[in-house]
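For the numbers below, each heavy atom of this structure counts, side chains included, while hydrogens, waters and symmetry mates do not. Numbered from 1 within each chain, the chains take letters A, B, ... in sequence-line order.
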2 protein chains.
Amino acid sequence: MAKQKARLKDIAQKTGYGTNTVSLALRGSTRISAAAREKIAKAALELEYVPNHIAKSLVSRRSNTVGLILHEITNPILTSAAEKIQLTLASSGYGVLFATSNGNFEAELRAIEMFRSRMVDGLLIYPLLHAKLDHLKRLRQQNFPVVMLVGIEDSGIDAVGIDEYAGAYDATRHLIEEGHSRIGALMTPQYQTALKYNGYTAAMASARSAAYRSRYAATPSV
Amino acid sequence: MAKQKARLKDIAQKTGYGTNTVSLALRGSTRISAAAREKIAKAALELEYVPNHIAKSLVSRRSNTVGLILHEITNPILTSAAEKIQLTLASSGYGVLFATSNGNFEAELRAIEMFRSRMVDGLLIYPLLHAKLDHLKRLRQQNFPVVMLVGIEDSGIDAVGIDEYAGAYDATRHLIEEGHSRIGALMTPQYQTALKYNGYTAAMASARSAAYRSRYAATPSV
DNA sequence: ATGAAAGCGCTAACAG
DNA sequence: CTGTTAGCGCTTTCAT
């Protein structure tokens, strides 16, 4: 915490006001005269005042910070999601504490513990898929906000996820609409993939029946 | 800051000790009797006590947190560096606040400001290369620890970087030692690439002269 | 419109 | 070995 140069008190002394007046003024309260607000803002600038969010957190009991845990960082879709998350949160004044569990469950637990002691307001996590979710459920029971970045069935934990079925369906439709008809799908034996496969087959099936109907419409058989 | 359930004071009441005794005990001070330490540890566990790092930071004046700013997150070498950084820092008890500047200088400035108000102990940054470095220099002048993740000449700011020359040299040597002799290099017109090119040519040159010498040694000419 | 005082949860002197 | 008192920087009643 590279020594804070100026505190509320310093600018209070410099301007002759009380610390609370300064606090209010800096936050733009109209309870303070415009003249005072201006004078105070000027002094703050001169002293290069940087508000101490730590102190503010202690009293407000919210850190305005969320924890983000990714179990791997090599996945570009995850990192780009992380970027979006950070940017969005930043625009609302939230900071993000970040950690990788590096495929290690113990590391995930330590990261969570560390985030909690840093009083994060909530946790965003892409957990190790094979790990038990008990630790997350426990957090939920303690009424601690947790949302997973991947949907896991019946976990009882909030999650945002990818609609694998719709994604595959739309992608397949797109190809079909571009005029392609021989469309294959490369799959791996995973749950998410199965969902994608269903989307793919559904799109193919609907295309076939559409083609069937149009054939009879366009070139009526004798 | 999802309401903290138990505070030092709570476990103090439950055990009958004073808060400072509890504080010391929890930190394993030998100034506290083993019996007391054990009793206190047990109570802390029962109350699911989570230390409030925020309060600790306020008094210790160090957040044990560093800020990490990357101007892009799509670059896998950057993200894997970020992972290493986070893991290393975590093992020393440090947290990392993360932000992307998203190629936007203003965003970089805002991120820095936010980190400062969150009292980060230092800043790790991969800045926008074309941006002026004045803001970082100013931080240095205020004696705020900053290190860049890319070396920029004469910036006066600490930096860790890649030894492009040595890397290319070693890679080329490696191929040579594996017996290859026709080694090409694909380059783009950038400063870093030029350094790599020099490493490559140096390795090639030394291999040629070595081959020259060995030819005369192994098959002396008549 | 502004000031005084209390307190957030914790650590750090001093006492005993 | 353990308790008491301050105080970190800020916000928040409650006065004035």
Side-chain angles (χ1 to χ4, degrees), chain A residues 1-41 43-44 47-65 93 114 116-121, chain B residues 1-41 43-44 47-65 93 114 116-121:
Chain A
M1 198 135 107
K3 68 198 164 275
Q4 193 176 353
K5 317 207 58 140
R7 298 151 302 170
L8 234 35
K9 197 204 220 173
D10 296 319
I11 118 155
Q13 287 180 330
K14 173 158 183 169
T15 57
Y17 288 105
T19 63
N20 68 49
T21 302
V22 174
S23 174
L24 289 170
L26 254 23
R27 282 179 290 162
S29 167
T30 52
R31 286 173 44 190
I32 306 300
S33 70
R37 268 184 286 162
E38 194 169 345
K39 195 168 160 188
I40 287 171
L47 294 176
E48 291 180 311
Y49 173 71
V50 176
N52 189 328
H53 190 93
I54 294 280
K56 177 190 290 209
S57 291
L58 188 56
V59 32
S60 69
R61 287 146 139 313
R62 40 200 338 264
S63 61
N64 274 280
T65 301
M114 187 210 197
R116 289 221 64 187
S117 75
R118 274 177 173 69
M119 302 293 132
V120 295
D121 295 333
Chain B
M1 197 138 102
K3 67 197 165 278
Q4 192 175 353
K5 318 206 57 141
R7 298 151 301 170
L8 235 33
K9 199 205 220 171
D10 296 320
I11 118 156
Q13 287 180 331
K14 173 159 185 169
T15 57
Y17 288 103
T19 63
N20 75 63
T21 301
V22 174
S23 175
L24 289 170
L26 254 23
R27 283 179 288 164
S29 168
T30 52
R31 286 174 43 190
I32 306 300
S33 70
R37 268 183 287 162
E38 192 169 346
K39 195 168 161 190
I40 288 170
L47 295 175
E48 291 181 311
Y49 172 72
V50 177
N52 189 329
H53 190 94
I54 296 281
K56 176 189 290 208
S57 291
L58 188 57
V59 34
S60 69
R61 285 144 141 314
R62 35 198 345 264
S63 61
N64 273 279
T65 301
M114 187 210 198
R116 290 221 63 187
S117 75
R118 275 179 173 68
M119 303 292 134
V120 297
D121 295 333

key: N or O in side chain of R61(A) less than 4.0 angstrom from dG9(C) OP1/OP2   = yes
ask   = To the nearest 10 degrees, what angle separates the axes at the start and end of the helix from dA1(C)-dT16(D) to dG16(C)-dC1(D), five pairs each?
value = 40°
ask   = Between T19(B) (side chain) and L8(B) (backbone), is there a donor-acceptor pair under 3.5 Å?
value = no
task = Please figure out whether A34(B) or K56(A) has its closest DNA chain D nucleotide nearer the 5' end.
result = A34(B)
key: Separation between CZ of R7(B) and CD of Q13(B), rounded to the nearest 0.5 Å   = 7.5 Å
query = So do R31(B) and S29(B) actually touch side chain to side chain, heavy atoms under 4.5 Å?
reply = yes
request  = Could you tell me whether a side-chain N or O of R37(B) sits under 3.5 Å from a main-chain N or O of I32(B), the two making a donor and an acceptor?
outcome  = yes
task = Please confirm whether the backbone N or O of I40(A) pairs with a side-chain atom of T15(A), one donor and one acceptor, at under 3.5 Å?
result = no
query = Considering residues, nucleotides and ligands other than K39(B), do more than 12 of their heavy atoms fall under 6.0 Å from its NZ?
reply = no
ask   = What integer distance in Å separates N64(B):CG from dT11(C):C1'?
value = 14 Å
inquiry  = Rounding to an integer number of Å, can you tell me how far L26(A) CG sits from dT2(C) P?
reply    = 14 Å
task = Please report, rounded to the nearest Å, how far the C1' atom of dA4(C) is from the OH atom of Y17(A).
result = 17 Å
task = Take atom CG of L8(B) and atom C1' of dG7(C), then tell me their distance rounded to the nearest Å.
result = 16 Å
task = Take atom NE2 of H53(B) and atom P of dT11(C), then tell me their distance rounded to the nearest Å.
result = 10 Å
query = Do R118(A) and T65(A) have a side chain donor and acceptor closer than 3.5 Å?
reply = no
key: Opening and closing nucleotides of DNA chain D in contact with chain A, under 4.0 Å to non-hydrogen atoms   = dG9(D) to dT12(D)
task = Please report, rounded to the nearest Å, how far the C1' atom of dG9(C) is from the CG atom of N52(B).
result = 6 Å
query = OP1, OP2 of dA1(C) versus side-chain N and O of T21(A): anything below 4.0 Å?
reply = no
task = Give a yes/no on whether any side-chain N or O of R27(B) is located under 4.0 angstrom from OP1 or OP2 of dA12(C).
result = yes
note = Nearest-nucleotide check on DNA chain D, T30(B) vs Y49(A); residue mapping nearer the 5' end is T30(B)
ask   = Should L47(A) and K5(A) be marked as a side-chain contact (heavy atoms from CB on, under 4.5 Å) after you check the CA-CA gap, both sets of side-chain angles, and the distance that decides it?
value = CA-CA 8 Å; L47(A) 294 176; K5(A) 317 207 58 140; over 6 Å; no
key: Value rounded to 0.5 Å, distance of CG in N52(A) from CZ in R61(B)   = 8.5 Å
request  = Write down the distance between CG (L24(B)) and C1' (dG9(C)), rounded to a whole number of angstrom.
outcome  = 15 Å
key: Nearest-0.5 Å distance, CG of residue N64(B) to CE of residue M119(B)   = 14.5 Å
message = Below the 4.0 Å mark, does dC10(C) have OP1 or OP2 next to a side-chain nitrogen or oxygen of S23(B)?
response = no
message = Could you tell me how far apart I54(A) (CD1) and dC8(C) (C1') are, to the nearest whole angstrom?
response = 13 Å
query = What does R31(B) touch in the nucleic acid at a heavy-atom separation under 4.0 angstrom: a base, only the sugar-phosphate, or nothing?
reply = base
